[in-house]
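Counting begins at 1 with the first residue of the sequence. A quick note: this is a predicted structure, and the numbers were derived from the prediction, not measured.
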Amino acid sequence: MDKGDIFLNLLEKSSLIIVLFIIISKIKGFKYIFQKEIYRKRDLVVISIIFSLLAILGTYNGIKVNGSLANTRIISVVSGGILFGPVVGITSGIVSGTHRLLIDLNGITSIPCFISSIFAGILSGYASKRGKEEYKWLVGIICGMVSESITMILIFFISKPHDVAVSIITKIYIPMIVGQIGIGFLVTIVQAIKKEKEEIAALQSKLALDIANKTLPYFRSINEESLKIICNIIKEEINSDAVAITDLDKVLAYVGVGEDIYSDCTKELSYTTKKAMNQNKILNIKVNKDEHSLSKIVNLKTAMIIPLTDSSGVIGTLKIYYTEKYEMSHSKQSLAIGLSQIISTLMEVSKIEKIKEAKNKAEIKALQTQINPHFLFNALNTITSFIRINPDKARQLIINLSTYMRYNLEVSDNLIDISKELEQVKAYIEIEKARFGDKLNVIYKIDEDIKFQMPSLIIQPLVENAIIHGIRKNGGNGTVVIGIKKNDKNVKIWVENDGVTIDEEIIEKVYKDNMPENKIGLYNVHLRLKLLYGKGLNIYRLNPGTKIEFEI
């Protein structure tokens with residue numbers, strides 16, 4: 001048999017190994033192992049067995065040449081080492097090398113083949129940790145060529161008779177070297193499997209993001225109805241048969257098959273659900289009556305239980321049900337992990353939003369309930385002065401003061417009608433007019449029949465600021481204008497006076513939130529508007545006077 005025949009035969013044998021490996025890689029269990037990034041001991045044992053058997057098959061399938069065997073053993077050994085590391089490479093090298101030695105103990109090339117097989121496992125295992133992933137196929141081919149070259153060197157120096165050894169080397173060296181191209185094929189097959197895994201993960205991540213985008217609005221206010229909508233979106237997007245969301249104690253929402261007969265008795269959590277939460281681990285299970293009381297009625301067969309977490313730990317689960325039997329494939333596992341991370345994040349965001357909302361409400365409540373004690377003392381003194389000289393006026397001022405106080409003490413975070421806000425403003429102005437008499441002039445520029453909702457205690461502090469810091473500092477003489485104009489998009493409200501012009505320094509402190517915390521008036525209104533609408537007051541210096549406006 002000449003070199004050409006040996007080469008063609010080796011090519012045929014290499015093709016057989018490649019085809020067998022392709023078949024193995026298509027088997028779900030083996031494919032799942034090949035796709036892993038981190039291998040457990042059991043995984044490495046399975047992979048070592050596969051490549052050891054392929055290497056042994058390569059020996060049995062060898063071509064006899066002058067008492068030797070031209071075979072594909074090294075292709076399998078090096079491929080295993082390059083792809084899966086030294087454990088697989090060395091193990092398959094020792095196993096296949098020992099096998100080669102034992103089946104032909106007195107063979108002319110048995111010992112060189114035994115040594116070179118182990119060397120190939122060590123070399124490929126070392127090389128697997130070096131170089132870039134995309135060049136592994138080339139590194140594998142080089143390792144195979146080096147290993148076969150070592151085999152030929154060992155045959156040259158160890159095998160006897162020497163002339164037969166040289167004849168063997170002359171006939172098989174080139175075909176064996178060229179045959180190492182098969183390593184490149186095996187390596188690229190596994191890399192393609194891994195790439196397929198990455199593509200699946202990318203698609204599932206995109207699906208999880210799409211689900212996140214659709215469910216985000218419903219996480220802003222979590223209740224039974226919004227949770228049902230979230231479950232329904234997930235069910236439709238992933239084509240499952242039922243979806244449920246639980247907290248640590250019970251099922252919060254359930255949609256899908258059996259929803260119409262889903263009753264309170266089924267809302268208690270199963271042992272498996274509690275196990276998933278305790279272990280914080282995604283579980284893929286076969287559904288039985290212990291896991292779901294409807295399993296016999298609606299024929300649920302498979303469930304994925306996905307723990308949901310926030311900064312405090314596990315807070316519940318997402319449960320996905322199917323009426324068919326499914327294994328936890330990489331595709332479904334990627335989706336489960338994606339959903340777990342994104343929904344957990346959305347729930348954390350929802351929690352933060354609620355905390356922020358509560359904080360804002362608390363701050364607004366605190367700002368609303370601040371009453372200027374000086375105004376109260378001055379109002380009472382004014383009423384006292386009128387009791388003897390004008391009892392009717394005193395009585396009216398008491399009514400105005402009670403109106404003013406009632407609005408301060410009964411405020412809430414709810415919006416009120418503009419008419420109520422103006423009632424409180426006018427009560428305050430009547431008290432101030434009683435103090436200053438004709439020196440204070442107030443003009444109302446308010447659209448007729450205007451109706452809209454606004455936060456309480458917004459306009460009055462601006463009017464108070466205009467009177468105290470604008471008119472009073474001007475000797476008590478001046479005019480205050482209160483304006484309200486409504487357009488298609490919003491309502492413009494302003495308060496202006498022709499008294500003392502506001503200092504630039506005060507405006508800067510208001511805008512930069514640099515006012516002392518115990519100050520009221522402009523800063524408090526500015527802060528409240530920012531908390532509620534994201535935008536505060538606009539303050540303008542007039543000549544003379546000051547204008548303050550905002551929009552709702």
Under 4.0 Å between a Lys/Arg side-chain N and an Asp/Glu carboxylate O for Lys228 and Glu225?
-> no
Whether over 12 other heavy atoms sit under 6.0 Å from [X] [atom1]:
{"X": "Tyr135", "atom1": "OH", "result": "no"}
{"X": "Phe21", "atom1": "CZ", "result": "yes"}
{"X": "Lys275", "atom1": "NZ", "result": "no"}
{"X": "Lys274", "atom1": "NZ", "result": "no"}
{"X": "Trp137", "atom1": "CH2", "result": "no"}
{"X": "Lys214", "atom1": "NZ", "result": "no"}

Distance in Å, [X] [atom1] paired with [Y] [atom2], rounded so as to fall on 0.5 Å steps:
{"X": "Leu138", "Y": "Cys143", "atom1": "CG", "atom2": "SG", "value": "9.5 Å"}
{"X": "Leu54", "Y": "Asn61", "atom1": "CG", "atom2": "CG", "value": "11.5 Å"}
{"X": "Leu248", "Y": "Thr273", "atom1": "CG", "atom2": "OG1", "value": "11.5 Å"}
{"X": "Asn465", "Y": "Ile539", "atom1": "CG", "atom2": "CD1", "value": "8.5 Å"}
{"X": "Ile285", "Y": "Met304", "atom1": "CD1", "atom2": "CE", "value": "11.0 Å"}
{"X": "Ile142", "Y": "Gln180", "atom1": "CD1", "atom2": "CD", "value": "12.0 Å"}

Show your reasoning for whether side chain to side chain contact (heavy atoms under 4.5 Å, CB included) applies to Ile238 and Tyr322.
-> CA-CA 11 Å; Ile238 66 175; Tyr322 296 93; 4.3 Å; yes
Would a distance-only check, ignoring hydrogens and angles, find a side-chain to backbone donor-acceptor pair under 3.5 Å from [X] to [Y]?
{"X": "Glu421", "Y": "Ile458", "result": "yes"}
{"X": "Gln191", "Y": "Glu133", "result": "yes"}
{"X": "Lys451", "Y": "Ser419", "result": "no"}
{"X": "Lys194", "Y": "Phe34", "result": "yes"}
{"X": "Ser25", "Y": "Ile22", "result": "yes"}
{"X": "Tyr321", "Y": "Ala244", "result": "no"}

So Asn490 and Ile552, side chain to side chain contact (heavy atoms under 4.5 Å, CB included) or not? Walk me through it.
-> CA-CA 6 Å; Asn490 48 41; Ile552 292 179; 5.9 Å; no
Going by the angle between their ring planes, with limits at 30° and 60°, are Tyr39 and Phe84 parallel, tilted or perpendicular?
-> perpendicular
Hey, can you tell me if His99 and Tyr60 have their rings parallel, tilted or perpendicular (30° and 60° cut-offs)?
-> perpendicular
Is any side-chain heavy atom of [X] less than 4.5 Å from a side-chain heavy atom of [Y]?
{"X": "His526", "Y": "Tyr511", "result": "yes"}
{"X": "Val243", "Y": "Asn232", "result": "no"}
{"X": "Tyr254", "Y": "Lys319", "result": "no"}
{"X": "Val187", "Y": "Ile141", "result": "no"}
{"X": "Leu252", "Y": "Thr246", "result": "no"}
{"X": "Leu16", "Y": "Thr72", "result": "no"}
{"X": "Met454", "Y": "Val491", "result": "no"}
{"X": "Tyr523", "Y": "Lys509", "result": "no"}

At their closest point, which heavy atom of [X] faces which heavy atom of [Y], and how far apart are they?
{"X": "Val87", "Y": "Ser48", "answer": "O-OG, 4.1 Å"}
{"X": "Val78", "Y": "Gly140", "answer": "CG1-O, 3.4 Å"}
{"X": "Val525", "Y": "Pro461", "answer": "CG2-CB, 3.6 Å"}
{"X": "Ile75", "Y": "Gly179", "answer": "CD1-O, 3.2 Å"}
{"X": "Ala276", "Y": "Ile305", "answer": "CB-CG2, 3.6 Å"}
{"X": "Pro86", "Y": "Ser128", "answer": "CD-OG, 4.0 Å"}

Let me see the working for Met277 and Thr317 under side chain to side chain contact (heavy atoms under 4.5 Å, CB included), right down to the final yes or no.
-> CA-CA 7 Å; Met277 291 192 293; Thr317 64; 3.3 Å; yes
Pick from Ser79, Ser96, Ser117: which one makes a side chain to side chain contact (heavy atoms under 4.5 Å, CB included) with Ile74?
-> Ser117
For Ile245 and Leu318, run side chain to side chain contact (heavy atoms under 4.5 Å, CB included): C-alpha distance rounded to whole Å, both residues' side-chain angles, the deciding distance at 0.1 Å, then the answer.
-> CA-CA 5 Å; Ile245 290 178; Leu318 171 68; 3.9 Å; yes
Return the set of residues passing salt bridge (charged side-chain N to carboxylate O under 4.0 Å, His left out) with Asp43 (not counting sequence neighbours), or none when no residue passes.
-> Lys36, Arg40
